[in-house]
2 protein chains.
Amino acid sequence: MSKLDVGTLGEYIREQRNAAQMSLRQLAKSAGVSNPYLSQVERGLRNPSAEILTQIASALRISAETLYVRAGLLEAHDASGVRTAIARDSSLTERQRRAMLEIYSAFVAENAAEHDPVTPTDVSEDTTNRTKEDHDGNHP
Amino acid sequence: MSKLDVGTLGEYIREQRNAAQMSLRQLAKSAGVSNPYLSQVERGLRNPSAEILTQIASALRISAETLYVRAGLLEAHDASGVRTAIARDSSLTERQRRAMLEIYSAFVAENAAEHDPVTPTDVSEDTTNRTKEDHDGNHP
DNA sequence: CCTGGCTGCTTGCAATTGCAAACACTCTGT
DNA sequence: ACAGAGTGTTTGCAATTGCAAGCAGCCAGG
């Protein structure tokens, strides 16, 4: 499932390439991929690996992130949200990440208790099952 | 060039899988990939496509971005996202806000200090999860 | 003991990626 | 007109991904 939207990905790459006024061969060479393959990718008949995508992004001087989003490989940025920010921060070790999430939850619960002692909110983590896909439960 | 760091990627995935207390087959099924392939990925002898990575990330309930960074497919972009998110969070008291920022800084400094060239997978003491006796059974 | 269930790992094999070579077409210049 | 240099596209083919089936080891409990 979660079929990649190769079509719009290819369109986007071609669009960016045209915007940069590069020929297919120029971009291909600069990105270190073959011209025919790039052609096929742009027309959506090939599903390029992430490695190729990064090379293309680099050659196009665009963010690899946006390219991934376009390819459907990455969720669009949620922007703010402490939990998502922590979850996304790759400079933290897993232990640290969990610690920070726990602390944050504790703080939020603490505040909720002060204002409205009836809801202990969600310090207890998700032992309950979540049927829907849920990446992060945050919204300040 | 742009050699993918499949080694640490695999380690990271396995680390996360163990942290989630899932068996290889469980994760494989949940991620929609085959068990043997996941095994090979975890041991760093296969270079999984981005599509597979997203599926694994989703099944592990971790950020796909983190996984990409770990795989060397994405630059670790600033990480100051955590600080701004904390700064903007209106549900925190000022004291809590400063505490979290301080903790975060401490964590980052801690990691910078260690600067371990090899496996930073240091899960030596973990109060939250209990990794069962890890009897290493493989030796290339 | 040994059957069943669990863990992860190895082995062929189909499908796909990604490339080198060659094709078709449009301009430009001589 | 024709050679030459651009453009993007098609065509086989090596290398790789990713999988189904099978293998080996470790525990519980008839």
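Not measured: the values here are computed from a predicted model. The sequence lines fix the lettering, A, B, ..., with proteins before strands; numbering per chain opens at 1.
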Quiz prompt | Shortest non-hydrogen contact between A:Leu73 and A:Leu53, atoms and distance | solution =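 For A:Leu73 versus A:Leu53, the nearest heavy atoms are CD1-CD1, 3.6 Å.
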
Practice problem: Could you check B:Arg25 against B:Gln40 and say which one's nearest nucleotide on DNA chain C is further toward the 5' end? | Solution: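 Its nearest nucleotide lies further toward 5', so the answer is B:Arg25.
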
Exercise. With heavy atoms under 4.0 Å as the rule, sort A:Ser39 into base, sugar-phosphate or nothing.
Key: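 It contacts base atoms.
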
Which whole-number value in Å describes the distance from [X] [atom1] to [N] [atom2]?
X	N	atom1	atom2	result
B:Leu24	D:dG25	CG	C1'	15 Å
A:Asn47	C:dT17	CG	P	6 Å
B:Asn35	D:dC23	CG	P	16 Å
A:Leu27	D:dG6	CG	P	17 Å
A:Leu45	D:dT9	CG	C1'	10 Å
A:Glu42	D:dG8	CD	P	8 Å
A:Glu51	D:dA15	CD	C1'	14 Å
B:Gln55	D:dC19	CD	P	8 Å

Quiz item: How about B:Tyr104 and A:Leu92: do any of their side-chain heavy atoms sit closer than 4.5 Å?
Solution: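 Touching, per the 4.5 Å side-chain cut-off.
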
Quiz item: Does a side-chain N or O from A:Arg43 land closer than 4.0 Å to OP1 or OP2 of D:dT9, or not?
Solution: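 Result: yes.
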
Quiz item: Closest nucleotide of DNA chain D for B:Val33 versus for A:Ser23: which of these residues is on the 5' side?
Solution: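 Checking each residue's closest nucleotide, the 5'-ward one belongs to A:Ser23.
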
Self-check item: Check ion pair B:Arg14-B:Glu11 (N to O, under 4.0 angstrom)
Solution: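 B:Glu11 and B:Arg14: not salt-bridged.
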
Quiz item: Say you draw a straight line from CG of A:Leu27 to CD of A:Gln16; how long is it, rounded to the nearest 0.5 Å?
Solution: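 CD of A:Gln16 is found 10.5 Å from CG of A:Leu27.
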
From [options], nucleotide with atom closest to [X] side chain:
X	options	answer
A:Pro36	C:dA21, D:dT17, D:dC19	C:dA21
A:Arg46	C:dT17, D:dG18, D:dT9	C:dT17
A:Ile52	C:dT17, C:dG18, C:dT11	C:dG18

Quiz item: Does the side chain of B:Arg70 come under 3.5 Å of the side chain of B:Thr66 through a donor N or O and an acceptor N or O?
Solution: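 Short answer, no.
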
